[in-house]
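Lettering follows sequence order; numbering is per chain, from 1. All values reported here derive from a predicted model rather than from experimental measurement.
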Protein chains: 2
Amino acid sequence: MNEYDCLKLDRQLCFPLYAASKEVIKKYKSFLNELDITYTQYIVMLVLWEENNINVKALGEKLYLDSGTLTPLLKTLENKGYIKRSRLKSDERNLIISITNKGESLKEKAKDIPYKMGKCINLEEKEVVELYKILYKILSQK
Amino acid sequence: MNEYDCLKLDRQLCFPLYAASKEVIKKYKSFLNELDITYTQYIVMLVLWEENNINVKALGEKLYLDSGTLTPLLKTLENKGYIKRSRLKSDERNLIISITNKGESLKEKAKDIPYKMGKCINLEEKEVVELYKILYKILSQK
DNA sequence: CACAATTAAATTGTATACAATTTAATTTAT
DNA sequence: ATAAATTAAATTGTATACAATTTAATTGTG
């Protein structure tokens, strides 16, 4: 035991959080490849399926992403035909993101993904609940 | 309740995992700025402080990173003077990473970071233990 | 009204991530 | 012994992330 033991990798909480997040996202890839979208594009679509016609700022707040990430990503999703980007008439600073028919129909293809992913991550129901609770506790401390 | 409810953002486990990981890393930034390293460079140094003279493959296995990420990052750390990159004489395919004196002395500056970070993330001791356990359970399912 | 302050996106620059491929060194199998 | 297979890094190409700055639109204030 010395004063540097706290620097051991397996003593850090940040590291398994970082690594597990990446590993879980990697597992999504095989399912998302079929929809021709990336993980970040997928979570953008998750928001839009729930709340259409949202501006970039609100989207970024929900997803913890800024315009530097979202601007190019939303252009990509528009090029793929899943969304439409248009300025809000009453305040042109706002870019409004809306789903196209193609984007709406993607929902049908996506709806099995959560179930498939659930089978990939082998956790007890109790662990899922606990993990969820702790992660949102961290997120609430912004 | 409909068949698409499973696609709601707040029903996903992946999302808080992804978001919390990024938020935690963001909190590290203020501490790591003082050492002039990024989060990924920091976890590389964590490994090297524990195990000097490690090759890129072993480093990547510990950190869940591949050579595509590590190669440029290790060049950066070498340019900063914290590590040295050299080929293993007995098998030149291996690039061996070793710490310089400057890299070793960085450990002194880093040793308070885990404590400082702990104060940033407000979790009960029980929650920390539980989170840690669940995350490593996910990681063990590679 | 006019101009400063604010706001929302976009842009710029730097640093990951990772799949897929390539290169170079070493090992295996014939 | 030598060609084929394997292995470790490096490279290439694409896609995030995010801090910091810029641009353009709108709002607040004297």
Could you state the atom-to-atom distance from [atom1] of [X] to [atom2] of [N] in whole Å?
| X | N | atom1 | atom2 | result |
| --- | --- | --- | --- | --- |
| A:I96 | C:dA8 | CD1 | C1' | 11 Å |
| A:K57 | C:dT7 | NZ | P | 8 Å |
| B:N33 | D:dC18 | CG | C1' | 12 Å |
| A:E92 | C:dT7 | CD | C1' | 15 Å |
| A:D91 | D:dT26 | CG | P | 5 Å |
| A:E23 | C:dA17 | CD | C1' | 12 Å |
| A:Y39 | D:dA17 | OH | C1' | 14 Å |
| A:L63 | D:dA15 | CG | P | 19 Å |

Quick one, [X] and [Y] - any side-chain contact, counting heavy atoms below 4.5 Å?
| X | Y | result |
| --- | --- | --- |
| B:F15 | A:Y136 | yes |
| A:C14 | B:I25 | no |
| A:V44 | A:Q41 | no |
| A:L95 | A:S86 | no |

Contacts of B:E127 that satisfy side-chain hydrogen bond (donor to acceptor under 3.5 Å, both in side chains) - sequence neighbours left out:
A:K137
Contacts of A:E124 that satisfy side-chain hydrogen bond (donor to acceptor under 3.5 Å, both in side chains) - sequence neighbours left out:
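Counting only residues at least two positions away or on another chain, A:E124 forms no side-chain hydrogen bond (donor to acceptor under 3.5 Å, both in side chains).
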For A:L88 and for A:Q41, locate the closest nucleotide of DNA chain D by heavy-atom distance; then report the residue assigned to the nucleotide nearer the 5' terminus.
A:Q41
Only pairs under 3.5 Å count here: list side-chain donor-acceptor contacts from residues 47-55 of chain A, not counting sequence neighbours, and write none if there are none.
from	atom 1	to	atom 2	distance (Å)
A:W49	NE1	A:G103	O	3.0
A:E50	OE2	B:L9	N	2.8
A:E51	OE1	A:K62	NZ	3.4
A:N52	OD1	A:I99	N	2.9
A:N55	OD1	A:K57	N	3.4
A:N55	OD1	A:A58	N	2.8
A:N55	ND2	A:N94	OD1	2.6

Under 3.5 Å, which N/O atoms of the protein pair with N/O atoms of nucleotides 19-24 of chain C?
none

Nucleic acid contacts of [range], taken as heavy-atom distances under 4.0 Å to DNA chain C:
| range | answer |
| --- | --- |
| residues 72-82 of chain A | A:K75 |
| residues 7-16 of chain B | none |
| residues 43-56 of chain A | A:N55, A:V56 |

Output the rest of the hydrophobic cluster of A:L88: all Ile, Leu, Val, Met, Phe, Trp and Tyr residues reachable through side-chain heavy-atom contacts under 4.5 Å, sorted by chain and number.
A:I96
Whether [X] contacts [N] is assessed here as follows: a side-chain N or O lying under 4.0 Å from the phosphate OP1 or OP2. Is that the case?
| X | N | result |
| --- | --- | --- |
| A:T40 | D:dA17 | yes |
| B:R85 | D:dA8 | no |
| A:R87 | C:dA10 | yes |
| A:N94 | C:dT7 | no |
| A:Y18 | C:dA17 | yes |

Any chance NZ of A:K116 has more than 12 other-residue heavy atoms, nucleotides or ligands included, within less than 6.0 Å?
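Yes, the 6.0 Å shell around NZ holds more than 12 heavy atoms from other groups.
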Please collect all salt bridge (charged side-chain N to carboxylate O under 4.0 Å, His left out) contacts where either partner lies in residues 74-83 of chain B, sequence neighbours excluded, each pair once.
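Pairs touching residues 74-83 of chain B that pass the test: B:E78-B:R85.
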Out of C:dT26, C:dT16, D:dA10, which nucleotide sits closest to the side chain of B:T38?
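Nucleotide nearest to B:T38's side chain: C:dT16.
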Partner residues of B:R11 under the salt bridge (Lys or Arg N to Asp or Glu O under 4.0 Å) criterion, sequence neighbours left out
none
Pairs flagged by side chain to side chain donor-acceptor pair (under 3.5 Å) wherever residues 98-108 of chain B is involved - sequence neighbours left out
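Matches after skipping sequence neighbours: A:Y4-B:E108, B:E108-B:K111.
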Using a 3.5 Å distance criterion without hydrogens, assess whether the side chain of A:E61 forms a donor-acceptor pair with backbone atoms of A:D66.
no
Could you list the residues that satisfy side chain to side chain contact (heavy atoms under 4.5 Å, CB included) with B:L32, not counting sequence neighbours?
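Only B:Y28, B:I37, B:Y39, B:Y42, B:I113 meet the side chain to side chain contact (heavy atoms under 4.5 Å, CB included) criterion with B:L32.
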Closest non-hydrogen atom pair between A:L74 and A:I83, with its separation:
O-CD1, 3.3 Å
